[in-house]
Amino acid sequence: MNGKDIAASQPRFHGRRKGHRLRQGRQQLVEAKLPSLRLPENLPDDLAGLYKAPISDLWLEIGFGAGEHLAHQAETHPDIGFIGAEPYINGVARLLSSVDAQDLANIRIFDDDARHFLPLLPGASIGRLFLLFSDPWPKTRHHKRRFVNSETLDQFARIMKPGAEFRFASDDVGFVRWTLSAVTARKEFQWTAAGPDDWRKRPADAIPTRYESKALDDGKQCVYLTFKRV
Ligand SMILES: C[S@@+](CC[C@H](N)C(=O)[O-])C[C@H]1O[C@@H](n2cnc3c(N)ncnc32)[C@H](O)[C@@H]1O
């Protein structure tokens, strides 16, 4: 199946691809940096070849927003190769600013709907997967738009290595329940929480994302779920 067939067979993307017009500096950064950081249409058999320096593992963040969490992870784990998937160009431009400012060499970008990209990844290739404050689509008639569903979980199960982590966070209690029930219903995943602090507290090596900071400022409870690929 080529990229076009995959796009045609996927559900429609309901989010925003563009916000306000990019400032001139950001636009220039997108033009200068994105072509070399964007993933090639045909992924190499050995994904380590996507990075200039050797990598010990490959981690994926889906819907990275402005990319602050992704940039932080990439800076604190220079031996890991990161892939960030985000179709919102203004968010991609912000990540590129961080890549530039922090001189990060271990990030590659898929600037489109991650559902088009997951099937292209080889099996058991991802050591950690982040889905942080993904759109909760709270209305019942929109639940089918949620990123967590049986098709994406099939893909997660396929691409994650045994022992790999899937980290999910949200401030939407309905979406948290939905995800907990959908993921724990599957034999491929195990919820790792041993006590309340494991889901009430952000993992120690993470920083708050933009959405998370807003939610916390609004007095909302955020929930952090970590699942292990068994
Ligand atoms: C609520 S925002 C959260 C952004 C960021 N993770 C944060 O916590 O600040 C959800 C993000 O997911 C992205 N997104 C939505 N659907 C997506 C998809 N199918 N593939 C990749 N990203 C997606 C949106 O563009 C948006 O940036």
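Remember, it's 1-based here, ligands and their atoms both numbered in the order they're listed. Atoms considered below: every heavy atom in the structure, side chains included; atoms not considered: hydrogens, waters and symmetry mates.
- A side-chain donor from one of Ser97 and Arg26 sits under 3.5 Å from a side-chain acceptor of the other.
- Proximity to Gly65 (heavy-atom distance under 4.0 Å) selects the following atoms of ligand 1: 4 (C), 5 (C), 27 (O).
- At least one side-chain heavy atom of Asp205 sits under 4.5 Å from a side-chain heavy atom of His77.
- Remark: minimum distance from atom 1 (C) of ligand 1 to any protein heavy atom is reached at Phe133 O, 3.0 Å.
- Between the side chains of Glu68 and His72, no donor-acceptor pair is found at a separation under 3.5 Å.
- For Trp199 and Tyr224, the gap between ring centers reaches or exceeds 6.0 Å.
- Centroid-to-centroid, the aromatic rings of Trp178 and His143 come within less than 6.0 Å.
- If you number the atoms of ligand 1 from 1 as listed, the ones under 4.0 Å from a heavy atom of Thr209 come out as 7 (C), 8 (O), 9 (O).
- Nearest to atom 18 (C) of ligand 1 among the protein's heavy atoms is Asp113 OD1, 3.7 Å.
- The protein heavy atom nearest to atom 22 (N) of ligand 1 is Pro87 CD, 3.2 Å.
- Near Leu132, meaning under 4.0 Å from any of its heavy atoms, are these atoms of ligand 1: 3 (C), 5 (C), 6 (N), 8 (O).
- In terms of polar-atom proximity, defined here as any N/O pair under 3.5 Å, Ala114 does make such a contact with ligand 1.
- The single protein non-hydrogen atom nearest to atom 9 (O) of ligand 1 is Tyr211 N, 3.0 Å, given as residue, atom name and distance.
- Between Arg16 and ligand 1, no pair of N/O atoms sits closer than 3.5 Å.
- Looking at Phe133 and Cys222, their side chains come closer than 4.5 Å, going by heavy atoms from C-beta outward.
- Here's the thing with Glu86: one of its N/O atoms is less than 3.5 angstrom from an N/O atom of ligand 1.
- Atom 15 (C) of ligand 1 has its closest protein heavy atom at Asp135 OD2, 3.2 Å.
- Aromatic pair Phe175/Phe168: centroids less than 6.0 angstrom apart.
- In the model, Glu31 has a side-chain atom that pairs as donor or acceptor with a side-chain atom of Gln27 under 3.5 Å.
- Looking only at heavy atoms of the protein, atom 17 (C) of ligand 1 is closest to Phe13 CE1, 3.6 Å.
- Ligand 1 has an N or O atom lying under 3.5 Å from an N or O atom of Gly63, backbone or side chain.
- Taking the six-membered ring wherever Trp is involved, the centroid distance between the rings of Phe64 and His69 does not fall below 6.0 Å.
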